[in-house]
Number of protein chains: 2
Amino acid sequence: MTNIRDIAQLSGYSISTVSRVLNHQNYVSDKTRAAIQQVIDQLDYVPNAVARDLSRGKTFNVGVVLPHADHPYFTQLLHGIMQAAFSTNYRVVLLPSKYNATLELQYLEDLRQKAYDALIFTSHGLPLTALNRYRRYGPIVVCENPHDCPIPAAYAERLATYQDAFELLKQRGYRHIGILASRPAPVSATCQAMVTAHHTVFGTDPAPELMRTDVTTPSDAQRAGDYYITQHLKLDAILTNGDDNAVGLRRAYHQHHQTPPFLIGQEHQLSGEVLGLPTIDHHFVEVGIKAFDLAVSGQTGNIAIASQLLLPDPQPQIKRV
Amino acid sequence: MTNIRDIAQLSGYSISTVSRVLNHQNYVSDKTRAAIQQVIDQLDYVPNAVARDLSRGKTFNVGVVLPHADHPYFTQLLHGIMQAAFSTNYRVVLLPSKYNATLELQYLEDLRQKAYDALIFTSHGLPLTALNRYRRYGPIVVCENPHDCPIPAAYAERLATYQDAFELLKQRGYRHIGILASRPAPVSATCQAMVTAHHTVFGTDPAPELMRTDVTTPSDAQRAGDYYITQHLKLDAILTNGDDNAVGLRRAYHQHHQTPPFLIGQEHQLSGEVLGLPTIDHHFVEVGIKAFDLAVSGQTGNIAIASQLLLPDPQPQIKRV
DNA sequence: CTACCTTCTGAAACGCGTTCGAGGTCAAGC
DNA sequence: GCTTGACCTCGAACGCGTTTCAGAAGGTAG
């Protein structure tokens, strides 16, 4: 492999001058530049990216920790992160973690070892305080409300919107309300927000048997539906954690030949549109962009982005021909 | 920053012995190991990942070129790639390219500069021959049938399934068939396959005005639907390029108060299930796994994975209570 | 007792580009 | 004539871990 030293030797100039040519810097005479360039072209030389990173002490890699590649929350967030990364010449490295603490710790260690310039946790198994300890090794951003943990964060401000959702249900006279969540309340800020909102609107916590956690896929949701049905829990409505998951619920009710209760979706997915569900748009693309900006700027501080309850368009009348 | 030389100096042993301790290699006496480890712990030293990569001449990074982060094709493919990467300790670097040749060339140059150990093109704007030329710098894998270009590939074998789809339509007596595609036929192998299948089944190419290209999102599909409607093209059926896009089409017809023609989806998405559409599952997770395996093994050869036409489950009868 | 193999350790080369400080040249300004 | 400041170039240090090879010490089979 030819390297910068070879170019210097063959061209008769010094390494530093070659470096200046490679990086299109000033203070190289046209004549020298041409001579060096010719040798570079002749040997078909390109500088080694890893050596450059080592020398510069920077990789332009940002690690993004996520549990699922195929979940809309992560897909949308990632989309925003990529968009922002692209426009600043950073690269996004995907770090799968199934909320696994050991794995996440490894990624934090990788940050310490300078494998990444910054880390974004779209979700995490480790406690925030553990993540916070690693901030001395580089910027770390989370994508949830960190409350009293002083860690940079960009997240969807969900509470008010969950209240809107419950208000909607209350106005319609619904009282027995199921809730689907991906992870239980202490660890999941999202779930916590739903519980709090329920409390604010109805004055009570949701009944434990109506809350189903560990629901991430439509199949999980279908199982949750099976549970509601076989336990004979008569529900007026269900706040689902995703339009797609609402589809899973619907599947369960249909298989039991029952009309599903009133469903509210989340994530503003197409399936929700098709079913004509109210849904909650958390603007995750925005959140991703902000998370990335925090990560590379190294700023501290939290950025909350308001979610929004979207009511379905009225289903159009179809003229049967 | 403390480095391996500091540890050597302070412990009184040589760099190579410290390196052996760091990498848990043999030929270090217990006593020496303990002494060195103590210094490491005391200085809270970790080796620099970039320096290690430089030294080893390997980064364990695989670049994945993709045009959209949020498209189901890429999401599913990426899911497979990540899964495979994870189990082999490789990392996945996302390289957005909107079929932009300049950008893709840059990524190829990055490969040459050793920024990645291998590249996977889930899609590409450059011709395959251009990609092929860069294989001397590292493994490159594409995710489509490369036909006569001798480049490693893992892809969904779609032709037979598209024939199945058109046969289905033919059996139902449909003749005027719309086709949605993301990119036009010469560059897109997918589109090519649809055209070929149409020809095989019906004996003719699809009418040009019935083929709508540049459709990647449901909104694009909606526009395609608007076109069909405003041009008064009476269609019997439409082969869409995605269940979600079928939703966009449906939206167009509904807004014009018309019943949409018979739709066939692709990608096996939830929206398709909800609409009760036949769909085509291309098994992209599988494809992603295979693509990754090809990339890191450096093997040549093509892996085709058969797609599958899935007929909808019969819509269950709902007992109105 | 020799030949040879292990185990353990170190020096030095290797992978490779960036950057700082210093030195030299030449022209413009005072 | 002298100072000042571009402009150009170089050497050397710096970022940092891995690996090869040589060599010392100790053991053992023949």
Side-chain angles (χ1 to χ4, degrees), chain A residues 1-40 43-61 109-117 137-138, chain B residues 1-40 43-61 109-117 137-138:
Chain A
M1 228 32 302
T2 106
N3 61 34
I4 197 172
R5 267 155 254 263
D6 298 336
I7 304 297
Q9 201 119 53
L10 281 169
S11 66
Y13 289 92
S14 71
I15 292 175
S16 27
T17 305
V18 176
S19 177
R20 258 178 259 116
V21 171
L22 288 173
N23 295 292
H24 306 286
Q25 289 174 9
N26 289 330
Y27 299 126
V28 182
S29 71
D30 290 349
K31 183 170 137 277
T32 307
R33 196 182 292 276
I36 291 177
Q37 190 60 52
Q38 202 202 325
V39 178
I40 289 174
L43 296 197
D44 199 29
Y45 164 75
V46 279
N48 181 299
V50 182
R52 197 196 311 128
D53 286 348
L54 171 61
S55 195
R56 292 212 240 258
K58 202 170 167 167
T59 63
F60 280 94
N61 282 156
E109 284 293 331
D110 290 347
L111 175 69
R112 169 137 95 115
Q113 297 185 6
K114 309 260 178 225
Y116 315 110
D117 290 353
Y137 303 116
Chain B
M1 229 29 305
T2 105
N3 62 32
I4 198 172
R5 269 154 250 263
D6 299 335
I7 304 296
Q9 200 119 54
L10 280 170
S11 65
Y13 289 92
S14 71
I15 293 175
S16 27
T17 306
V18 175
S19 178
R20 262 179 247 120
V21 171
L22 288 173
N23 295 292
H24 306 286
Q25 289 174 7
N26 289 330
Y27 299 125
V28 181
S29 71
D30 291 350
K31 182 169 136 281
T32 306
R33 194 180 293 276
I36 291 177
Q37 190 60 52
Q38 202 202 325
V39 178
I40 289 173
L43 295 197
D44 199 29
Y45 165 74
V46 280
N48 180 300
V50 183
R52 198 195 313 128
D53 286 349
L54 172 61
S55 194
R56 292 213 240 258
K58 203 173 166 164
T59 63
F60 278 95
N61 282 154
E109 284 293 332
D110 289 347
L111 175 70
R112 169 138 95 118
Q113 297 186 7
K114 309 261 177 225
Y116 315 110
D117 289 354
Y137 303 116

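So that the names make sense, note that chain A is the first sequence line, chain B the second, and so on, each numbered from 1.
Distance from the side chain of Ser29(B) is smallest for dC8(C) among the nucleotides dG17(D), dC10(D), dC8(C). With dG10(C), dT18(D), dC16(D) as the choices, the nucleotide that has an atom nearest any side-chain atom of Ser16(B) turns out to be dG10(C). The side chain of Val28(B) approaches dT9(C) more closely than any other nucleotide in the set dT9(C), dT18(D), dC7(D).
In this structure, Asn48(B) atom CG and dC16(D) atom P are separated by 6 Å, rounded to whole Å. Taking atom CD1 of residue Ile36(B) and atom P of nucleotide dG17(D), one finds them 14 Å apart after rounding to whole Å. Straight-line distance from the CG atom of Leu54(A) to the C1' atom of dT18(D): 13 Å, rounded to whole Å. The distance between atom CD of Gln25(A) and atom P of dT19(C), rounded to the nearest whole Å, is 7 Å. Straight-line distance from the CD1 atom of Ile4(B) to the C1' atom of dA11(C): 14 Å, rounded to whole Å. Atom-to-atom, CD of Gln113(B) to P of dG17(C) comes out at 9 Å; the value is rounded to the nearest Å. One can place CZ of Arg52(A) at 15 Å from C1' of dG15(D), the figure rounded to the nearest angstrom.
Proximity of Asn26(B) to the phosphate of dT7(C): no side-chain N or O atom is located under 4.0 Å from OP1 or OP2. Distances shorter than 4.0 Å separate none of the side-chain N or O atoms of Asn23(A) from OP1 or OP2 on dG17(C). Contact annotation: Ser55(B) side-chain N/O to dC16(D) OP1/OP2 distance is not under 4.0 Å. Applying the 4.0 Å criterion to OP1 and OP2 of dC5(C), one finds that Tyr27(B) has every side-chain N and O outside that range. Between dC10(D) and Thr17(A), a contact under 4.0 Å exists linking OP1 or OP2 to a side-chain N or O. For Ser14(B) and dG10(C), the shortest distance from a side-chain N or O to OP1 or OP2 is below 4.0 Å.
Heavy atoms of Val50(A) sit nowhere under 4.0 angstrom from any nucleic acid atom. Counting any heavy atom pair closer than 4.0 Å across all strands shown, Asp53(B) reaches no nucleic acid atom.
Ionic pairing of Arg112(B) and Asp44(A) is present here: one or more N-O contacts between side-chain nitrogen and carboxylate oxygen are shorter than 4.0 angstrom.
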